[in-house]
Amino acid sequence: MISFSITDKEIDSSTLKEKLGTAEDGAILVFEGVVRNHNEGKAVKSLFYEACESLASAEAERIMTEAVFKFGLSRIVCVHRTGHLNVGDVAVFVGVSTGHRGEAFAGCRYLIDEIKHRLPIWKKEHYLDGSHEWVNCSHHGHNAKHEHGEVSV
Amino acid sequence: MISFSITDKEIDSSTLKEKLGTAEDGAILVFEGVVRNHNEGKAVKSLFYEACESLASAEAERIMTEAVFKFGLSRIVCVHRTGHLNVGDVAVFVGVSTGHRGEAFAGCRYLIDEIKHRLPIWKKEHYLDGSHEWVNCSHHGHNAKHEHGEVSV
Amino acid sequence: MKTIKIRYFAMLREETGKDWEDLKTNASNLVELFDELKGLYHFSLPREALRAAVNNSFCDWQEQLKDGSEVVLVPPVAGG
Amino acid sequence: MKTIKIRYFAMLREETGKDWEDLKTNASNLVELFDELKGLYHFSLPREALRAAVNNSFCDWQEQLKDGSEVVLVPPVAGG
């Protein structure tokens, strides 16, 4: 069972976690990316996430299939939030279950890394000083490949 | 905030998770070790966990302090269950929060590995065929050091 | 002439003022399409900072365009 | 003579039939204590398979014993 979705509603981790785990699974691992009150030295007030849902869903399906193949994951549940988020809100949920913990840690880490690098999801940070910025879009041109790989959590 | 406890009651992950996360934390990671229906080729019916609580708590305090020092974790909540457990029951909960996901993954993995290797907690497996066995105690003598490091999840 | 649907997000949505458009074009591949759009909208991001997807798959900039293709121009992402 | 409190768990609890006992002993360190207990209970696990803790800290087997110390003999663990 693998599942990815995008939602503009609050992420309900408890309900999502219930989808993980079978009688063969000894390890459940859940990662949550949460809005912090600062990023790269600036005080963050709120965030706005925007996604290209059709492309994100297609690419997420590829990422999850890779993770099953590489790490033998039994179940995967991923959800990414869009819209306006405040400090403390969950922006992304990545839950996995499988037989042993080694694969759970490696697989969950793979999923969140690839989600951050590959999915067409964008983040605008609103700062306490009133300014705002599309993250990773401000310094461009010379090292685009690196910028695509830049991540905040 | 670091916390370790041993309980003979069902582990309530949702409530424990609420203790994690501060406004500075961008990453929350929760590992749960769950009773599987098999181990090393044998069909498992149930488990019995026994702990030396005073020594386990003292050693867990040392492990958590190491994890804070090594990985800069902001919050840690660990709970280990004792008594009779059935397939699907959560045996151990390890939750961490911190600024970035790299430290969360490394720190959480460190905690569960050290908990399994170092805490005085023992597991008797009851098999579907009616037999039972203290895990890691059956093949002894020649390579005790390795046996201490043997783990099941 | 072919008709290509182009979808804009984030910074590109703000710079074009559009979520999407149907463009009649002679562009044969994504490079030519991008150059045509850059002439219209003066994007602040160079092509090297972007990726492109056609029909929900990421593609090389050399990818040929067919009538009715849906193109997404993908500015640097920042999910999670 | 000193009095040492010894606590037994798992397989050792089953083999001694005890959760704990207060032992009057002349053993000066953990090795001598273990040998004395092995003579009484015929443990199936050799010392090399065990660890020992004194007053809630894991110790070397050479650790000296003091009157009133609490010793835990730790069979191979399997938490998690």
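In what follows, chains carry the letters A, B, and so on, assigned in the order in which the sequence lines appear, proteins first and then strands, with residues in each chain numbered from 1.
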### Query
What residues of residues 11-23 of chain B sit under 4.5 Å from chain A when only non-hydrogen atoms are counted?
B/Ser13, B/Ser14, B/Lys17, B/Ala23
### Query
Would B/Lys124 and B/Trp122 count as a side-chain contact (heavy atoms from CB on, under 4.5 Å) if you check the C-alpha gap in whole Å, the side-chain angles of each, and the deciding distance to 0.1 Å?
CA-CA 7 Å; B/Lys124 192 177 203 170; B/Trp122 302 273; over 6 Å; no
### Query
Can the ring centres of B/Phe71 and B/Tyr110 be said to be less than 6.0 Å apart?
yes
### Task
Count the heavy atoms of every other residue, nucleotide or ligand shown that sit under 6.0 Å from NZ of A/Lys42, and state whether that count exceeds 12.
yes
### Query
Under a 4.5 Å heavy-atom cut-off, does chain B meet the side chain of A/Val30, its backbone, both or neither?
both
### Query
Quick one: do A/Arg118 and A/Glu114 make a salt bridge, cutoff under 4.0 Å?
yes
### Message
Between B/His80 and B/Tyr49, is the ring centroid distance below 6.0 Å?
### Response
yes
### Qualifying residue, where the test is side-chain contact (heavy atoms from CB on, under 4.5 Å) with B/Arg81 and the options are B/Leu47, B/Asp89, B/Asp8
B/Asp89
